[in-house]
Amino acid sequence: METATLQPLAAALPPSPSLNHRILTATTVPHFKQIHAQILRSGLDISAPFLSRLLALPLASSPSSLDYALSVLLHSPSPDFRLANRALRALSSATDPRWTLVAYGRLRRAGLALDRFSFPTVLRAAARSGCYNEALQLFDEMKSSGVIPDRVILATILSACARTRNLTSGGAVHSYIVESNLSIDAHLQSALISLYSSCGSMDTAQRLYDDTSPKNLVASTAMVFGYAKLGKIAVARSIFDQMTDKDLVCWSAMISGYAESDQPNEALKLFNEMHLLGVKPDQITMLSVISACANMGARDQAKWVHIFVDKNGFHQILSIRNALIDMYSKCGSLVDARTIFDETAFKDVITWTSMITGFAMHGNGRSALAVFDHMISEGVKPNGVTFISLLYACSHAGLVDEGRRIFESMIQDYRLEPKHEHYGCMVDLLGRARLLQEALEFIESMPFAPNVVVWGSLLGACRIHGDVKLGELVARRLLELDPNHDGAYVLLSNIYAKASRWEDVREVRNLMKNKGVIKEAGFSWIELNGHVHEFMMRDKCHPRSNEIYGKLDEVVKELELVGYSPDTATVLVDLQEEEKREAILLHSEKLALSLGLIDSKKGSSIHIAKNIRVCNDCHTFMKLASKVFEREIVLRDRTRFHHYKDGVCSCGDFW
DNA sequence: CTAGGGTTAG
């Protein structure tokens, strides 16, 4: 600790008015330094008002002035808890909460401990700036220093646990509350409900919620959020519908719930409803809406949302711009994505990664790598997600050596630890390039046990290259990990079908039936004139169904003239050949295409999206249709875009 | 004072 530079008795004297006035009107660091010198000469200890003012100014946000403020504090005659607390409070209310944490770190290193008044301030700052682990650490420190946490602290710390999905710590806090016989008020109850619903423990959350009366807005929102996260969107909706006073936060929770449960259409519908009721969205709502648009891949809707964003002043917010880049990529408009990207002056790691992902999705591996190089030259540090996108870009473009190099570089140059997803991408990359043995060895060299994603990548590669033997082995491993993995059964039977091993196909199918494993239902949608039309397989729900089926017949006949013949090999159901033919011709994307052909002209492009991967037959069908009907067909499947033009697909038939 | 909703990948 530094020695005091002033006489302690000086603290008792009132500050001189002129000095006080100078403190209150100071606006720059040099100004403060002058005053500080004067204070030191005068022998008065007025560090507290001095610091309050200094720390309350926006200039305290810069590291150098923060540094100065802290040194004043630490060198003041009596750097005590109260002063430290005042400084921290001033700092936390005026600036980025992170500075409060920085300040706290410096105070600690200088030997100053926090008192019971400082803990809430720093804890809140930690929670607000997303430093949840630090918040938990502070909570432990606080308890061991004998300070009794009050409701405010407990609610804050529960929120930190909820956000980090840390049920262990959160549960401990809950026990602590029960053991210390603290009465649980509405605020704490909501915090607890939020903890359990964030962690997916809906039974516990529901029990606590049932005990609540009347139901409060915050607790109900937490319930909506929790059920939506688990995919129980109908339950979430019924709670939402029962809420009488809805505010922006609960609208947003419900909208993002739909957006993330693959119901982007519902998300947008709800957004419209909210809009009509006059509830003004904020940036968080807009992020969900943009993300819903992205998942839907609806270009007209996307344009509308973009205009809405511009009109309502959200367009300068970086996270919004990032979401827009992603949205346009996923809607098939790489050009628009690129424009926003180029017009974004300050780019963070998400901006760059979104652009890389955009190129990757469209199979443009070289551009993805170029964006990465640019990012590095701009000094932006890539994260784990960036590398997933890069590997994925290499994989879809067949850039094997580049992929290997990037994987190594991730570890060596960027000191990032590859996770399951990264290994999965590498396996995919090697597998696609027919390096199946190397892919298997790669899996065996992993430092941790491979999961279903990693095995699934290899199984997919076995399907592409028709490796029955390895496919069987991999499927077995995969089913050991997850006996109900629908993808494993489907891929395995596809592998058998490709090898014409019908007995085995039947066996896999029976196994699925006995276990009750259901293949995810495929559906497609197409946007025409701002309207989204959805199709299931064999769907006759569309009002123009007759017209669509008539068109489909016509299309099939024309394609058969140029050599198309339905590839029934992958039909899993045991049917007569004629029925198989019918089944495959009624796949949802073919229905969507038929409608698209009716409502578009030669030379235009047709955009279709699908929730699962496109089948072999539909892929061939689209290629031929693009040539015969002179349309560019853009099909987005679960992971990537296929651009069909003049009978060729951009994916090079590996997908 | 404190509690509820968010962007890149999988």
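This is a predicted model, so every value here is computed, not measured. In what follows, chains are A, B, ... by sequence order, proteins preceding strands, each numbered from 1.
Checking B:dG5, B:dG10, B:dA9 against every side-chain atom of A:V453, the shortest atom distance belongs to B:dG10. Listed candidates were B:dG10, B:dG6, B:dT2. Nearest to the side chain of A:S256 is B:dG6. Considering only side-chain atoms of A:I284, the nucleotide from B:dG6, B:dC1, B:dT7 that sits closest is B:dG6. Proximity note for A:H187 (side chain, C-beta onward) versus B:dC1, B:dA9, B:dA3: the nearest is B:dA3. Here the nucleotide nearest the side chain of A:V218, chosen from B:dG4, B:dT8, B:dG5, is B:dG4. In this structure, of B:dG4, B:dC1, B:dG10, it is B:dC1 that holds the atom nearest to the side chain of A:V152. The side chain of A:L287 approaches B:dG6 more closely than any other nucleotide in the set B:dA3, B:dG6, B:dG5.
The pair A:R638-A:E520 meets the salt-bridge criterion, with a side-chain N (NZ, NE, NH1 or NH2) lying under 4.0 Å from an Asp/Glu carboxylate O. Between A:R207 and A:D203, none of the side-chain N atoms (NZ, or NE/NH1/NH2) sits under 4.0 Å from a carboxylate O, so this pair counts as no salt bridge. Look at A:K269 and A:E266 and you find a salt bridge, because one of the NZ, NE, NH1 or NH2 atoms lies within 4.0 Å of a carboxylate O, short of that distance.
As judged by a 4.0 angstrom heavy-atom cut-off over every strand, A:L192 is placed among residues making no nucleic acid contact. Residue A:L248 is classed as a base contact, given a heavy-atom separation below 4.0 Å to a base. Heavy atoms of A:Y392 sit under 4.0 angstrom from primed sugar atoms or phosphate atoms, though from no base atom. Looking at heavy-atom distances under 4.0 Å, A:R163 makes contact with sugar-phosphate atoms alone, never a base. Across all strands, A:Q283 comes closer than 4.0 Å to base atoms (heavy-atom distances).
Separating the CZ atom of A:F314 from the P atom of B:dT7 is a distance of 16 Å, rounded to the nearest angstrom. Atom CE of A:M254 is separated from atom P of B:dG5 by 14 Å (rounded to the nearest Å). Atom P of nucleotide B:dG4 and atom CG of A:L208 are separated by 15 Å, given to the nearest angstrom. Between the C1' atom of B:dT8 and the CG atom of A:L334 lies a distance of 15 Å, rounded to the nearest Å. Rounded to an integer number of Å, the gap from A:R613 CZ to B:dG10 P is 14 Å. Atom-to-atom, CD of A:E260 to C1' of B:dT8 comes out at 13 Å; the value is rounded to the nearest Å. Between A:L390 atom CG and B:dA9 atom C1' the separation is 11 Å, expressed in whole Å. Here B:dT8 presents its P atom at 6 Å from NZ of A:K330, a figure rounded to the nearest Å.
For A:T285 against B:dG5, a side-chain-to-base donor-acceptor contact under 3.5 Å is present. The base of B:dG4 sits with one of its N or O atoms less than 3.5 Å from a complementary donor or acceptor on the side chain of A:D247. Counting distance only, with no hydrogens placed and no angle test, the side-chain atoms of A:D282 and the base atoms of B:dG6 include no donor-acceptor pair under 3.5 Å.
A side-chain donor-acceptor contact under 3.5 Å links A:S220 and A:Y209. Under 3.5 Å, the side chains of A:D326 and A:S329 contain no donor-acceptor pair of N or O atoms.
Residue A:H275 qualifies as open at atom NE2: its count of foreign heavy atoms under 6.0 Å is 12 or below.
Between A:K229 and B:dG6 there is a side-chain N or O to OP1 or OP2 distance below 4.0 Å.
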